[in-house]
Peer 1: 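Quick one: the structure is below, and I'll ask about it shortly.
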Amino acid sequence: MVQKQGKLLERKSIKNHIFQGVDLAKDLIYSFNDVIVYFDPDVDGCIAGLLVCRFCAKHGIKFQWYINKNRSHDWTLPLEKVSGKDIIAVDFIITSVQVMNICDAGCNLVSMDHHVNGENSIQYESDYGTSGVVVNNQYTNEDTDGRYLSGAGVVFETLIQLDPEFDTKENRALVGITLLSDVRDIENPLAEGYLYTLYTHKYKGYIKYLIDFTIGEKDYGFGVPRMDRGYVDYKFSPAINACLRFGEEEQVVNFFLGSHVLDLTCRENQKQLVKNISEKLKVVDFKYLRVCYFYEKDFIEYAEVLPSFVGLVASKHLDGQSRSVICYLISGNSPEEYQLKRVSFRGNINGLDYQNALGVLFKCLGHKSAFGIKEMKPTKDTFVKANEIVSRVEVESNHHREIREITNLSFMINKIFKVAEDNLYLLSQNQIYYKYLGKNIKKHRSGANYVEYSVDGIPVMCFDKNITFESGYIVPMLERGFINFYLQ
């Protein structure tokens, strides 16, 4: 039985921000002849880099590209190798000291970013005539309604100030993808405009290309594929990020640039590796915080890429109810040799400023509710204090998930359609869920990674066999114009 189909209600809030430093960025970029485009190794960073490459191609600016290994979000280009080059870097922090060093090495630099870097403006001119500027929507004197933008969003809204013709539906749709992939405040009305453009983009052109080469052999949906929220969350982002985690950075950039097919086996290998890590994971639960860790020696064949999976493991072990997660990887063969190789935090409630609150304990780098941790000492006292801080942040937010009780799913289809659409534009913890209290549940079919139930004659998909109707909730989502139901 196919669920009710309909059209998305139009959501067209648009405001193009003019960030400080754009005038200097414009002068620099239009003076460039041969550019290094410096990508960041995640979906947002790759699409941000793609937009710069598109802009360069449109304006006849020759470019090469570079991307960090091992999901590193720092500057790693040796300055002695790029001296005299013009560089456009996207989606990672470059400090004022780094800008000075880069320009003093003979490089011109334009950086476009959306991470909090602790500074209010970065512009520099060296004694050698080279200049650098960092455009950043997080500066305190920028419009607060623009803080939601992804790295690609900052790049896009900067480049359309340089060239209004760059403001196309396809480029806006690409920004929409990054708002979903990069833990942004998608409930900002301005974000809805980008997401509406993405959700209503037809299955054609470059968006069709991205779908066709990430969809894989198994497609559980009905109707024409779309780059809707479910597709971005469960197909597209995992395909890209899995390749990056397994060290296939060149393949990913070339895929975005249209010259390489993506290796989708990485997506399946990622699922298996995360499952294997979960089986070896050590977990300690506090009331508001889950601490989990694993050892490099247990996965020595993956030692080179293992740090890239710490954040994903953290996300997978959010319990969806009450706990944020700190996850870390321990290297070394004995307690005397043990060292923390990477530490990641994932907040139970997206959008809360855990980063600033936990800054009294750790050096936190990233976004408010998803970030890496430096200089952590894994002691019970440390985690007790972290639990107290997380507790305070969450209790003061006064957040409560909205769960509605339902006894017959088929009777509610017409009423649920608007809920399913609204869920496309809400952070996961603010989506509306349903607790099914009825008895008409049948297992319709199952596979290695899924179970499809029939609930009052309505299909309900579940991709975690450990979840039951007693422990989970039904969430309605609009996909390809149809309501689909998932047990989570």
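Starting from 1, each residue takes its place in the sequence as its number.
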Peer 1: Check side-chain hydrogen bond (donor to acceptor under 3.5 Å, both in side chains) between His399 and all other residues, then give those that pass, not counting sequence neighbours.
Peer 2: Asn430
Peer 1: Centroid separation under 6.0 Å, is that true for the rings of Trp75 and Tyr38?
Peer 2: yes
Peer 1: Any chance you could lay out the side-chain hydrogen bond (donor to acceptor under 3.5 Å, both in side chains) test for Glu142 and Asn137, step after step, and finish with the verdict?
Peer 2: CA-CA 6 Å; Glu142 295 291 0; Asn137 65 330; over 6 Å; no
Peer 1: Can you tell me which residue pairs pass the ring-ring contact (aromatic ring centres under 6.0 Å, His included) test with a partner in residues 149-190, sequence neighbours excluded?
Peer 2: Phe55-Phe166
Peer 1: To the nearest 0.5 angstrom, please state how far the CG atom of Asn484 sits from the CD atom of Glu479.
Peer 2: 4.5 Å
Peer 1: Assess the residue pair Arg245 and Asn70 against the criterion (side-chain hydrogen bond (donor to acceptor under 3.5 Å, both in side chains)); give the C-alpha distance rounded to whole Å, side-chain angles, the decisive distance to 0.1 Å, and a yes or no.
Peer 2: CA-CA 7 Å; Arg245 290 187 179 104; Asn70 298 322; over 6 Å; no
Peer 1: Assess the residue pair Arg401 and Gln429 against the criterion (side-chain hydrogen bond (donor to acceptor under 3.5 Å, both in side chains)); give the C-alpha distance rounded to whole Å, side-chain angles, the decisive distance to 0.1 Å, and a yes or no.
Peer 2: CA-CA 6 Å; Arg401 173 178 285 182; Gln429 74 271 7; over 6 Å; no
Peer 1: Suppose the criterion is side-chain hydrogen bond (donor to acceptor under 3.5 Å, both in side chains): which pairs have a residue in residues 79-90, not counting sequence neighbours?
Peer 2: Asp86-Asn108
Peer 1: Side-chain polar contacts of residues 385-393 - donor-acceptor pairs under 3.5 angstrom, sequence neighbours left out - could you list them?
Peer 2:
from	atom 1	to	atom 2	distance (Å)
Lys385	NZ	Asp381	OD2	3.3
Asn387	OD1	Tyr288	N	2.8
Asn387	OD1	Leu289	N	3.2

Peer 1: Just checking, is any N or O donor in the side chain of Asp145 or His17 under 3.5 Å from an acceptor N or O on the other one?
Peer 2: yes
Peer 1: In a table with atom names and distances, give each donor-acceptor pair under 3.5 Å that connects a side chain of residues 359-369 to protein atoms at least two apart or in another chain.
Peer 2:
from	atom 1	to	atom 2	distance (Å)
His367	ND1	Arg184	NH1	3.2
His367	NE2	Asp182	OD2	3.2
Ser369	OG	Gly351	N	3.3

Peer 1: Please determine which of Ile177, Val175, Ile186, Leu424 meets the side chain to side chain contact (heavy atoms under 4.5 Å, CB included) test together with Leu195.
Peer 2: Ile186
Peer 1: For Gln488, check side chain to side chain contact (heavy atoms under 4.5 Å, CB included) against everything at least two apart and list the hits.
Peer 2: Tyr234, Tyr433, Val475, Tyr486
Peer 1: Can you sort out the partners of Glu119 under salt bridge (charged side-chain N to carboxylate O under 4.0 Å, His left out), two or more places apart, ordered by chain and number?
Peer 2: none
Peer 1: With sequence neighbours left out, write down each residue that passes ring-ring contact (aromatic ring centres under 6.0 Å, His included) with Tyr231, or none if nothing qualifies.
Peer 2: none
Peer 1: Identify each donor-acceptor pair in which a side-chain atom of residues 21-37 lies under 3.5 Å from a protein atom, sequence neighbours left out, and give them as a table.
Peer 2:
from	atom 1	to	atom 2	distance (Å)
Tyr30	OH	Leu162	O	3.0
Ser31	OG	Asp27	O	3.4
Ser31	OG	Leu28	O	2.6

Peer 1: With the side chain counted from C-beta on, respond yes when Leu210 and Leu174 share a heavy-atom pair under 4.5 Å apart, and no when they do not.
Peer 2: yes
Peer 1: Tell me, with the steps shown, if Arg172 and Asp167 meet salt bridge (Lys or Arg N to Asp or Glu O under 4.0 Å).
Peer 2: CA-CA 7 Å; Arg172 283 189 172 271; Asp167 189 352; 2.8 Å; yes
Peer 1: Which ring-ring contact (aromatic ring centres under 6.0 Å, His included) pairs, counting each pair once, include a residue from residues 236-255, with sequence neighbours left out?
Peer 2: Tyr209-Phe255, Phe246-Phe309
Peer 1: Show every side-chain hydrogen bond (donor to acceptor under 3.5 Å, both in side chains) that has at least one partner inside residues 127-136, sequence neighbours left out.
Peer 2: Ser126-Thr130
Peer 1: Quick one: list whatever passes salt bridge (charged side-chain N to carboxylate O under 4.0 Å, His left out) with Lys418, sequence neighbours left out.
Peer 2: Asp422
Peer 1: If you apply the rule salt bridge (Lys or Arg N to Asp or Glu O under 4.0 Å), what do you find for Glu170 with Arg54, and how did you get there?
Peer 2: CA-CA 12 Å; Glu170 185 174 274; Arg54 282 186 166 189; 2.8 Å; yes
